[in-house]
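Remarks on the structure that follows.
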Amino acid sequence: MYDVVSVAVKMEFSSLVVIREFVVILSFVLISLYIINRYKSSPHSAPKGISRLFLMIVLSLLFIGIAIIFQPPEFYSRDAMNFYRSAVFMIFSTLITLILAVLALYIMLTLRDLVFFKRKKTTRRYYLAYLVFVFAACAGELSFIHLEDMFIPHIFYAGAICLIVMNSFKQNWIVYLSKREKVYSIVYSILLFISLIMLDVFLASGLGSNNAIVSYSKPLHSFIWLNAIFGTIYFGVAFISTLFHLPTAEVFEKKQSELNSLHNLSRLVTQVFDFNDLVNTVTQMTMEVCDARSVWLELFSFDDKTGEMSVEVVSKKNITHEEIELYGKSDSTQLRRYILDSPKVLLIEDIWFDRRTKSLKEKGVARGSLLSIPLLSHGKLIGVLHATKEFQNSFDQEDIDVMKTFADHVSIAIENSRLIARSIERERYHQEMMVAQKMQKRLLPQQLPVISAVEFAAISESSLEVGGDYYDVINLSDESVGIVIGDVSGKGVSAAFYMAEVKGIVLSLSKICRTPRELLLRANDTLLSSLEKNAFISAVYAVLDISKATLTMARAGHCPVLYISDETSELIKSSGIGLGLTNGSQFEQATEERIIKLKRGDICIFYTDGITEAHNENMEEFGYERLVKIARECRDCSAEAMKDEILNSVKAFIGQETYSDDVTLVVVKWLGNSN
Amino acid sequence: MTDFKIHHRDGEGVSIIELKGYLDAHTAPDLETAFQKLIDEKKYNVVVNCRDLSYISSAGLGVFMAYVEDIRKNMGDIKLTNMSAKVYNVFDLLGFPLLYEIFKDEQEAVLRFGERKK
């Protein structure tokens with residue numbers, strides 16, 4: 001310490017002052033950087049920042065007050081040399097400057113947060129300009145610059161004050177305060193305004209404690225003073241503008257809560273599975289947003305057959321079921337009737353005196369007003385959202401609008417949940433149909449018999465998941481094979497059931513009937529009793545006798561079998577009636593049998609009308625001629641190749657992958673010798 | 001495919017149904033309704049004119065089977081007329097000519113009902 005003083009004395013005094021000023025400024029900058037860093041990490045909402053600032057100012061003022069009371073008289077000199085005269089002055093001036101400089105820094109930071117709230121591009125520019133002018137003004141105060149008598153520092157000060165005023169109008173933070181916070185903010189702003197004026201007055205005064213700051217560091221004094229002025233003006237403006245915002249605070253708050261609740265609702269609507277959650281939220285929010293006495297939400301469902309309506313109260317707040325029934329069903333009021341008759345917003349300003357609800361008075365329902373909003377889905381009434389308030393005429397347009405929005409959300413959620421239920425149902429149905437399809441595929445032969453003298457090829461494709469076409473190739477004995485093809489009238493599930501029945505009947509009869517005709521007669525008898533009136537089955541049954549090389553067939557209303565030999569092509573249309581169309585005797589009379597003597601290379605093609613009636617987009621049918629022509633051209637092919645050729649031709653003809661009817665094809669090629 | 005129309009008119013003691021377009025599983029219910037209406041009105045003498053019928057599927061044929069029993073029980077009948085070759089072929093394959101009287105001309109069918117009355 002002695003060394004420093006002795007060195008200082010030896011040095012030229014002015015250079016010592018310059019070094020001291022630099023050290024002071026540098027140490028303050030370091031302290032500032034530390035505080036700014038700390039400040040960033042603390043969470044700061046506007047009201048919290050203000051109250052903290054207020055506390056700091058009060059403490060600082062207390063300190064100043066105490067200092068003023070106890071300050072010794074030598075403080076009253078503004079000479080910079082004061083600093084070196086007494087140790088008390090040295091310590092005191094360091095302390096008060098440091099305290100107020102830190103306070104000024106806090107004022108600056110707090111105001112920065114407030115000014116920057118919801119900032120625009122220009123906000124930052126104005127604030128930075130303010131800082132530039134403040135620092136310029138402070139720099140102008142450095143003793144070695146010697147600007148005291150010049151005009152320039154005044155420009156800096158004037159500029160800083162102008163920018164203070166401009167920045168003071170950035171008061172966006174007030175708008176977003178709740179009403180309660182606004183009241184707090186009014187109190188704090190006025191308190192801050194007053195305390196900062198006291199600080200301003202102190203800084204402008206010739207009080208000894210103020211002199212201590214000036215003589216410690218003029219730039220810091222300017223820094224403190226400018227920030228104190230900024231605070232004064234800013235909180236003055238804040239006080240007035242909060243005062244003006246106060247009357248609209250409630251409306252703003254209501255809008256805010258509407259927005260919040262709508263946001264929550266939108267989120268809930270997408271969670272269809274939480275339907276109860278949604279309706280409870282809706283009633284709860286209606287309660288809060290509309291400030292209602294009671295709220296309830298009822299949904300209507302209509303019986304498909306009788307058209308009878310049932311009402312379910314899915315959510316209610318602050319009301320009993322009994323009271324809801326009084327509102328809804330009471331014979332004399334029939335409030336529900338009004339809404340059902342015309343699904344519009346129903347507003348009853350005074351429950352006791354409105355003609356639609358006045359009987360409720362005698363029933364002990366409290367006076368007030370009622371608002372009922374219909375829930376509509378595809379223009380159909382699906383429910384009603386009701387709310388009551390304690391006083392007459394108390395629902396306003398805002399309430400109606402917000403409740404309408406809530407009602408819409410519920411409608412959408414209901415619609416969503418119905419759609420999901422429907423798609424689950426559809427998916428289940430689809431799964432069942434897939435099972436049915438798999439089972440039906442297993443009713444068709446998995447493998448065709450392998451016999452040296454005959455080639456078999458077969459395919460059956462349904463236009464829907466399941467169909468009514470049926471074919472089978474049955475090993476009757478070593479010497480004979482039964483071939484059957486059938487087509488149940490209609491399509492889809494009913495046809496599929498009959499197809500299964502036909503398979504059972506044919507399989508069992510094939511073992512006991514000696515001729516195709518006999519089999520069809522007995523199948524007709526069996527089917528006649530079990531088929532619906534409008535259902536019938538066309539079929540061809542043929543027995544291939546391998547040793548005799550004959551094909552004996554009988555036709556029950558089915559497409560004629562196409563017989564292709566080297567010489568001829570013939571559609572074998574023996575007489576016959578479809579199964580299930582008529583009684584035994586007429587059927588027996590009509591049905592005749594044909595026997596074909598087979599020669600090597602002869603082909604018999606069994607098919608359903610899905611082939612011949614397959615049509616292209618011009619509604620042209622594939623027809624018999626095309627079938628005969630293709631089969632004729634391909635008569636040297638294997639049975640398998642013939643089947644593919646016909647099927648591909650049909651597909652090419654209709655020009656699409658899906659058939660409009662079930663398609664079945666059985667190709668039999670005789671490779672044995674003729675007898 | 002779904003283009004199907006039924007025109008119904010009454011002759012002397014005979015109801016005439018004219019079919020037009022495609023009679024398949026989708027349009028069969030329309031014809032069912034028409035037959036049901038005739039039965040409800042106790043009009044059992046029915047001539048079905050198929051002049052403009054371009055296609056009939058097995059479901060369409062089923063409709064005749066569903067109502068013919070009721071109609072015949074009441075001493076009436078369904079007679080079919082004016083079929084195109086293509087439509088006739090479908091009827092013929094299934095053996096319908098053995099079950100129904102099919103005429104070339106509507107007038108013949110109407111006359112036939114008259115004959116039976118005498």
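In what follows, chains carry the letters A, B, and so on, assigned in the order in which the sequence lines appear, proteins first and then strands, with residues in each chain numbered from 1.
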Is the count of non-hydrogen atoms from other residues, nucleotides or ligands lying under 6.0 Å from B/Glu69 atom CD greater than 12?
no
Within a 6.0 Å radius of atom CE on A/Met439, are there more than 12 heavy atoms belonging to other residues, nucleotides or ligands?
no
Mind listing the closest non-hydrogen atom pair of A/Ser489 and B/Ser58 along with its distance?
CA-OG, 3.4 Å
Is it the case that atom NZ in B/Lys86 sees more than 12 heavy atoms from other parts of the structure closer than 6.0 Å?
yes
Heavy-atom distance under 4.5 Å to chain A: side chain of B/Val68, backbone, both or neither?
neither
Give a yes or no on whether B/Lys20 atom NZ has more than 12 heavy-atom contacts from other residues, nucleotides or ligands under 6.0 Å away.
no
For A/Glu613, which atoms come within 4.5 Å of any heavy atom of chain B: side chain, backbone, both, or neither?
side chain
Which heavy atom of A/Lys573 sits nearest to which heavy atom of B/Asn89, and what is that distance?
NZ-OD1, 4.1 Å
Going by side chain to side chain contact (heavy atoms under 4.5 Å, CB included), B/Tyr55 matches just one of A/Glu621, A/His615, A/Met619. Which one?
A/Glu621
If you measure from CG on B/Leu94 to CG on A/Leu579, what distance do you get to the nearest 0.5 Å?
10.0 Å
Dump the intermediate steps for side chain to side chain contact (heavy atoms under 4.5 Å, CB included) on B/Leu98 and A/Gln589, then the final yes or no.
CA-CA 10 Å; B/Leu98 296 166; A/Gln589 264 181 12; over 6 Å; no
Within a 6.0 Å radius of atom CZ on A/Phe653, are there more than 12 heavy atoms belonging to other residues, nucleotides or ligands?
yes
Taking every heavy atom of A/Asn534 against every heavy atom of B/Gly62, the minimum-distance pair comes out as CB-O, 3.0 Å
Proximal component of A/Gln586, with respect to chain B [non-hydrogen, under 4.5 Å]:
side chain
Counting only non-hydrogen atoms closer than 4.5 Å, does B/Phe96 touch chain A with its backbone (N, CA, C, O), its side chain (CB onward), both, or neither?
side chain
For atom CD of A/Glu625, is the number of surrounding heavy atoms from other residues, nucleotides or ligands below 6.0 Å larger than 12?
no
Please check if atom CZ in B/Arg9 has more than 12 non-hydrogen atoms from other residues, nucleotides or ligands closer than 6.0 Å.
yes
